[in-house]
Amino acid sequence: MFTGLKSIFIILLLTFSIQANDNKKAHSVFIELGLKQAATIPMIMKNYIMLEMHNNFKDPEKELEKGIDLFIKLQEKISKLPLDNESKEVIAEHQRIWNKLEAVLKKPVAKERFTEISRYAFPLGTSLRKITEKSKNKVNERQYNVIYYAGKLSGVSQKLASLYMLFNWGRDSSKLQVDMLIEKSIYLDTL
C-alpha cells in the first residue's frame with residue numbers, strides 16, 4: 001500500500017512539474033510577443049502623425065496598416081497562450097483598449113484625433129511593459145531576462161523617438177517634455 005501511495009505522489013509531482021514548465025514557457029513566449037506589441041504602438045502613432053501632416057516619407061499609410069496588422073496578429077497569439085488568470089484578465093483589458101484605439105485609427109486621419117489616440121496608446125504600451133515584467137519575474141531565467149530587457153529597450157526607444165517627433169512638431173510640449181524625461185529614465189534604468 002505504501003508503494004502505491006508513493007507512486008501516486010510521484011505522478012502528482014511530475015504532473016505539477018510539467019504544468020509549471022508549460023506555464024513558464026507560456027510566460028516566456030508572452031514576454032517576446034508583449035514587448036513586440038509595446039514597440040509597435042509608437043510606430044503606429046508615428047505613422048498616423050506623418051499621415052496627418054501629409055508627410056509621405058516611407059509610405060506611412062502602408063506602414064500604419066502593417067503596424068495595425070502586426071498588433072492584431074500578436075494579440076491573437078497572446079490570447080491563445082495558457083497563462084494564469086491574472087495575466088489573462090490584463091490581456092482581456094488590453095484587447096478592450098486596443099479595440100477603442102483601433103476604432104479611432106480606422107476613422108479618417110485628423111489632427112484632432114491624435115489626443116484620443118494617445119489616450120489609449122500610451123497607457124496600453126505602459127501596461128504591456130508592466131505585464132511582461134511580471135512574466136519575466138515568473139520565468140526568472142537569464143535568457144528571458146535578456147530578451148525582456150532588449151525588448152523593453154526597443155519599445156522605450158520607439159516611444160522616445162515618437163515623443164521627440166511630436167515635441168518637434170509643436171504638440172503639447174510641456175506634457176511631452178515630462179513624458180520624454182520619464183521614458184529616458186526608464187531607458188537608462190533598463191540599460
Side-chain angles (χ1 to χ4, degrees), residues 29-79 90-133 147-191:
V29 170
F30 176 67
I31 292 167
E32 184 181 342
L33 298 176
L35 288 170
K36 281 182 184 177
Q37 277 189 314
T40 302
I41 293 168
M43 291 188 294
I44 288 171
M45 294 178 71
K46 176 193 73 139
N47 287 306
Y48 186 91
I49 293 168
M50 289 180 72
L51 281 172
E52 175 211 303
M53 297 183 73
H54 307 288
N55 182 336
N56 294 321
F57 181 69
K58 291 190 176 181
D59 198 359
E61 186 171 3
K62 181 180 171 186
E63 292 300 311
L64 178 63
E65 288 174 19
K66 282 172 45 179
I68 291 169
D69 289 342
L70 176 60
F71 193 95
I72 291 169
K73 286 176 184 170
L74 292 169
Q75 187 68 17
E76 287 170 359
K77 288 179 181 179
I78 286 171
S79 68
V90 174
I91 291 166
E93 180 60 24
H94 288 167
Q95 184 64 52
R96 287 188 285 278
I97 296 169
W98 170 255
N99 291 342
K100 292 175 184 177
L101 176 58
E102 186 180 22
V104 177
L105 290 169
K106 287 183 176 181
K107 294 177 183 177
V109 175
K111 185 175 183 175
E112 309 79 49
R113 288 199 180 92
F114 185 75
T115 303
E116 193 174 359
I117 288 171
S118 61
R119 182 176 6 157
Y120 301 124
F122 286 139
L124 182 58
T126 302
S127 182
L128 279 162
R129 286 198 316 242
K130 286 180 182 175
I131 189 76
T132 54
E133 183 171 5
I147 291 168
Y148 168 77
Y149 288 118
K152 185 175 177 181
L153 285 172
S154 173
V156 172
S157 64
Q158 287 289 337
K159 187 170 179 185
L160 272 170
S162 293
L163 290 169
Y164 183 74
M165 184 176 69
L166 289 169
F167 179 76
N168 282 326
W169 288 344
R171 299 291 171 90
D172 194 6
S173 60
S174 59
K175 177 158 177 19
L176 290 172
Q177 282 180 324
V178 171
D179 289 346
M180 284 176 16
L181 286 172
I182 291 168
E183 292 301 313
K184 182 179 176 185
S185 174
I186 291 170
Y187 186 88
L188 292 174
D189 287 346
T190 304
L191 205 57

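Hydrogens, waters and symmetry mates play no part in the numbers below; they use all other heavy atoms, side chains included.
Contacts classified as side chain to side chain donor-acceptor pair (under 3.5 Å) and involving residues 35-45 (residues at least two apart or in different chains) are given here: Glu32-Lys36, Gln37-Gln75.
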Just distance, no hydrogens or angles: give the donor-acceptor pairs under 3.5 Å from side chains in residues 113-123, sequence neighbours left out.
unit_1 : atom_1 : unit_2 : atom_2 : d
Arg113 : NH1    : Pro108 : O      : 2.3
Ser118 : OG     : Phe114 : O      : 3.2
Ser118 : OG     : Thr115 : O      : 3.0

Show me, pair by pair, the donor-acceptor contacts under 3.5 angstrom made by side chains of residues 51-62, not counting sequence neighbours?
unit_1 : atom_1 : unit_2 : atom_2 : d
Glu52  : OE1    : Arg171 : NH2    : 3.0
Glu52  : OE2    : Arg171 : NH2    : 2.1
Asn55  : OD1    : Phe57  : N      : 3.0

- Message: For Glu76 and Lys73: C-alpha separation, side-chain torsions, deciding distance, then whether salt bridge (charged side-chain N to carboxylate O under 4.0 Å, His left out) applies.
- Response: CA-CA 5 Å; Glu76 287 170 359; Lys73 286 176 184 170; over 6 Å; no

- Item | Check against salt bridge (charged side-chain N to carboxylate O under 4.0 Å, His left out), Lys66 and Glu63 | CA-CA 5 Å; Lys66 282 172 45 179; Glu63 292 300 311; 3.3 Å; yes

- Going through the checks in order, is the side-chain contact (heavy atoms from CB on, under 4.5 Å) test met by Ser79 and Gln95? CA-CA 9 Å; Ser79 68; Gln95 184 64 52; over 6 Å; no

- Query: How far apart are the C-alpha atoms of Leu124 and Phe71, what are their side-chain angles, what is the distance that settles it, and do they pass the side-chain contact (heavy atoms from CB on, under 4.5 Å) test?
  - Reply: CA-CA 12 Å; Leu124 182 58; Phe71 193 95; 3.7 Å; yes

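When all heavy atoms of Thr132 and Arg129 are compared, the pair lying nearest together is OG1-O, 2.9 Å. Residues Tyr48 and Ala110 approach most closely at OH-N, 3.1 Å, considering heavy atoms. Taking both residues in full, the closest heavy atoms of Leu128 and Ile131 are given as O-CG2, 3.3 Å, listed atom of the first, atom of the second, then distance.
A distance of 9.0 Å separates CD in Glu102 from CD1 in Ile44, rounded to the nearest 0.5 Å. Note that CD of Glu133 is 8.0 Å distant from OG1 of Thr190, once rounded to the nearest 0.5 Å.
Considering only heavy atoms from C-beta on, Trp98 comes within 4.5 Å of Leu105 through its side chain.
Ion pairing between Glu93 and Arg96 holds under the 4.0 Å rule for side-chain N and carboxylate O.
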